[in-house]
2 protein chains.
Amino acid sequence: MTASQSQLRADAQENRARVLAVARELFAERGIDVPMAAIARRAGVGVATLYRRFPTKESLVMEAFTEQFAHCQAVIDKALLDEDPWRGFRTVIENVCLLQATDRGFTAAFVSTFPELHSEVRDRTWEGFAALVERAKESGQLRADFSPHDLTLVLLANSGLAGVPVEMAVAASQRLVAYLLEAFRTGTDALPPPVPLSLDLVLC
Amino acid sequence: MTASQSQLRADAQENRARVLAVARELFAERGIDVPMAAIARRAGVGVATLYRRFPTKESLVMEAFTEQFAHCQAVIDKALLDEDPWRGFRTVIENVCLLQATDRGFTAAFVSTFPELHSEVRDRTWEGFAALVERAKESGQLRADFSPHDLTLVLLANSGLAGVPVEMAVAASQRLVAYLLEAFRTGTDALPPPVPLSLDLVLC
DNA sequence: TGACAAGTGGAGACCCCCGTCCACTTGGCT
DNA sequence: AGCCAAGTGGACGGGGGTCTCCACTTGTCA
């Protein structure tokens with residue numbers, strides 16, 4: 001029991017965890033633009049504490065979203081094990097888009113922390129997805145001119161929905177994904193119902 | 001020749017025009033978040049001049065994008081006159097998405113100035129598009145479960161591409177639109193080529 | 001229990017934004 | 001030519017963001 005996990009004092013360790021939890025909450029709710037002061041306030045600590053644990057805002061963002069990144073990776077890995085190539089492909093797109101629609105900060109965190117520490121993760125993800133695409137094409141269920149780059153296209157498009165209230169964003173995302181999957185495939189399915197989006201909603 | 005267009009002094013009139021031109025440029029290039037000071041600087045005037053002509057930033061945005069709004073309206077009106085319902089429908093979506101991909105500030109301007117002065121324009125646009133949808137459905141070329149709200153969905157999705165460099169955004173937008181139109185229709189077309197988007201590009 | 005390193009919070013330095021104020025300049029009319 | 005209202009630009013107030021500094025508190029270990 002010398003250093004169960006780190007040499008942080010017990011109270012400090014607890015504070016750190018609470019900050020991280022609050023950060024995840026607020027980032028998901030309001031995006032990564034929430035002020036550090038807001039996170040500190042809701043966590044019941046001063047800003048200094050926050051900066052002592054996370055030297056920069058970006059490092060906090062990075063740490064806060066690590067589990068989401070891991071989740072994505074897991075989704076892809078699991079999909080590769082699926083016996084039905086199309087179902088694997090579809091599941092990846094659906095899950096990632098759902099995550100994106102649910103967690104407001106996800107995309108921004110993804111891109112803002114991407115170039116740095118995660119290049120290996122990125123490569124692994126990319127390879128995994130490329131393999132998934134290949135499999136799905138070979139099985140004849142995915143159109144031949146689909147490009148792995150289209151994943152980015154989907155992600156970018158789906159990120160455009162981030163502005164609307166969460167439940168709407170989720171519904172809208174589902175419909176968008178359904179449309180796109182239909183275009184990607186060679187069959188036809190029923191779409192989820194239309195979402196009564198209004199342009200007034202786009203900014204907060 | 002008493003007051004050819006306004007009672008502004010000649011030099012003031014020229015300054016105003018230059019400010020407006022510069023604003024359009026910068027808004028298109030960098031989005032509506034460009035500082036007023038940047039616009040003033042590039043236009044070769046002081047900020048005061050800028051605020052004298054446009055009491056608030058929003059009014060400048062509004063005025064700068066009026067022609068784009070009008071363009072949208074014109075596109076819809078013209079499409080309603082098209083003898084081929086599907087082509088009209090498709091053209092509207094393609095044109096508006098192209099505008100959106102080309103002009104970085106467009107979407108933000110659209111939504112940020114929408115609630116106020118343009119509600120009548122909005123309604124007219126909406127009605128026009130709804131009619132377009134109806135026509136295209138009746139002709140059997142547009143799927144029956146397409147909702148006019150899906151226009152907003154398309155616009156939101158397409159706005160997600162705003163972050164990447166313009167040429168890429170245009171290409172990406174074209175591919176996205178092609179995918180979506182394919183899903184909206186009942187036929188099949190060749191897609192434009194894949195765009196080698198990388199996630200690193202998303203933020204500037 | 002006491003000493004001290006580790007931890008803390010709030011004030012404030014620094015920066016960037018919108019919008020205003022005011023002393024100075026300049027176009028246009030007589 | 002000369003007057004003056006119209007026009008101008010830069011300094012500045014106010015707000016909000018990130019991150020730092022430092023005097024004070026608190027957990028921990030002997």
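Numbers restart at 1 for each chain; the letters A, B, ... are given by sequence-line order, proteins then strands. This structure is a prediction, so every number in the text was calculated from the model and none was measured.
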Nearest-Å distance, [atom1] ([X]) to [atom2] ([N])?
| X | N | atom1 | atom2 | result |
| --- | --- | --- | --- | --- |
| B:Leu60 | C:dG19 | CG | C1' | 13 Å |
| A:Arg53 | D:dC19 | CZ | P | 17 Å |
| A:Gln7 | D:dT28 | CD | C1' | 15 Å |
| A:Glu14 | C:dA6 | CD | C1' | 16 Å |
| A:Arg52 | D:dC22 | CZ | C1' | 11 Å |
| A:Phe54 | D:dT18 | CZ | C1' | 16 Å |

Got a list of protein N/O to nucleotides 10-15 of chain D N/O distances below 3.5 Å?
none

According to side-chain contact (heavy atoms from CB on, under 4.5 Å), who are the partners of [X], at least two apart in sequence or on a separate chain?
| X | answer |
| --- | --- |
| A:Asp84 | A:Asp82, A:Trp86, A:Arg87, A:Gln141 |
| B:Ala48 | none |
| B:Glu25 | B:Glu29, B:Arg42 |

Exercise for the section: Just jot down the ring-ring contact (aromatic ring centres under 6.0 Å, His included) partners of A:Phe106, sequence neighbours excluded, or say none. Expected result: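 Partners of A:Phe106 under the ring-ring contact (aromatic ring centres under 6.0 Å, His included) test: A:Phe110.
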Problem - All ring-ring contact (aromatic ring centres under 6.0 Å, His included) counterparts of A:Phe27, not counting sequence neighbours - result: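 For A:Phe27, the residues satisfying ring-ring contact (aromatic ring centres under 6.0 Å, His included) (neighbours in sequence not counted) are A:Phe65.
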Problem - pair A:Val177-A:Leu181: side-chain heavy atoms closer than 4.5 Å - result: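 A side-chain contact exists here, since the closest heavy-atom pair is under 4.5 Å.
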Practice task
When you get a sec, tell me which of C:dT8, D:dG7, D:dT20 is the closest nucleotide to the side chain of B:Ala12?
Solution key: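 That would be D:dG7.
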Practice task
Look at the side chain of A:Asn15 and decide which nucleotide, out of C:dT8, D:dG7, D:dC19, has an atom nearest to it.
Solution key: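 Given the options C:dT8, D:dG7, D:dC19, the side chain of A:Asn15 is closest to C:dT8.
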Practice task
Establish, with yes or no, whether the OP1 or OP2 oxygen of D:dC19 is under 4.0 angstrom from a side-chain nitrogen or oxygen of A:Thr56.
Solution key: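 Indeed, a polar side-chain atom of A:Thr56 lies that close.
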Problem - N/O (side chain, B:Tyr51) to phosphate O (OP1/OP2, C:dT20) under 4.0 Å - result: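 It does not, given that no N or O in the side chain of B:Tyr51 lies less than 4.0 Å from OP1 or OP2 of C:dT20.
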Problem - Sidechain-backbone polar pair: A:Lys57 side chain, A:Ile32 backbone, donor-acceptor under 3.5 Å - result: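 Flag set: sc A:Lys57 to bb A:Ile32 pair under 3.5 Å.
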Problem - Interface with DNA chain D, restricted to residues 17-43 of chain A and to heavy atoms under 4.0 Å - result: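 Output list: A:Val34, A:Pro35, A:Met36.
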Those residues that, when tested against [X], pass side-chain hydrogen bond (donor to acceptor under 3.5 Å, both in side chains) (two or more places apart):
| X | result |
| --- | --- |
| A:Asn15 | A:Arg18 |
| B:Glu127 | none |
| A:Thr125 | A:Gln73 |

Completion exercise
Reading nucleotides 24-30 of chain C from 5' to 3' and marking B where a protein heavy atom lies under 4.0 Å of the base, S where only the sugar-phosphate is that close, and - otherwise, the string is --BSS--
Handout entry: Set of residues satisfying salt bridge (Lys or Arg N to Asp or Glu O under 4.0 Å) with respect to A:Arg52, sequence neighbours excluded
Key =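 For A:Arg52 there are no salt bridge (Lys or Arg N to Asp or Glu O under 4.0 Å) partners, ignoring immediate neighbours.
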Practice task
Please work out if B:Arg16 contacts a base, only the sugar-phosphate, or nothing of the nucleic acid, heavy-atom cut-off 4.0 Å.
Solution key: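 Nothing: the residue B:Arg16, judged by heavy atoms under 4.0 Å, touches no strand.
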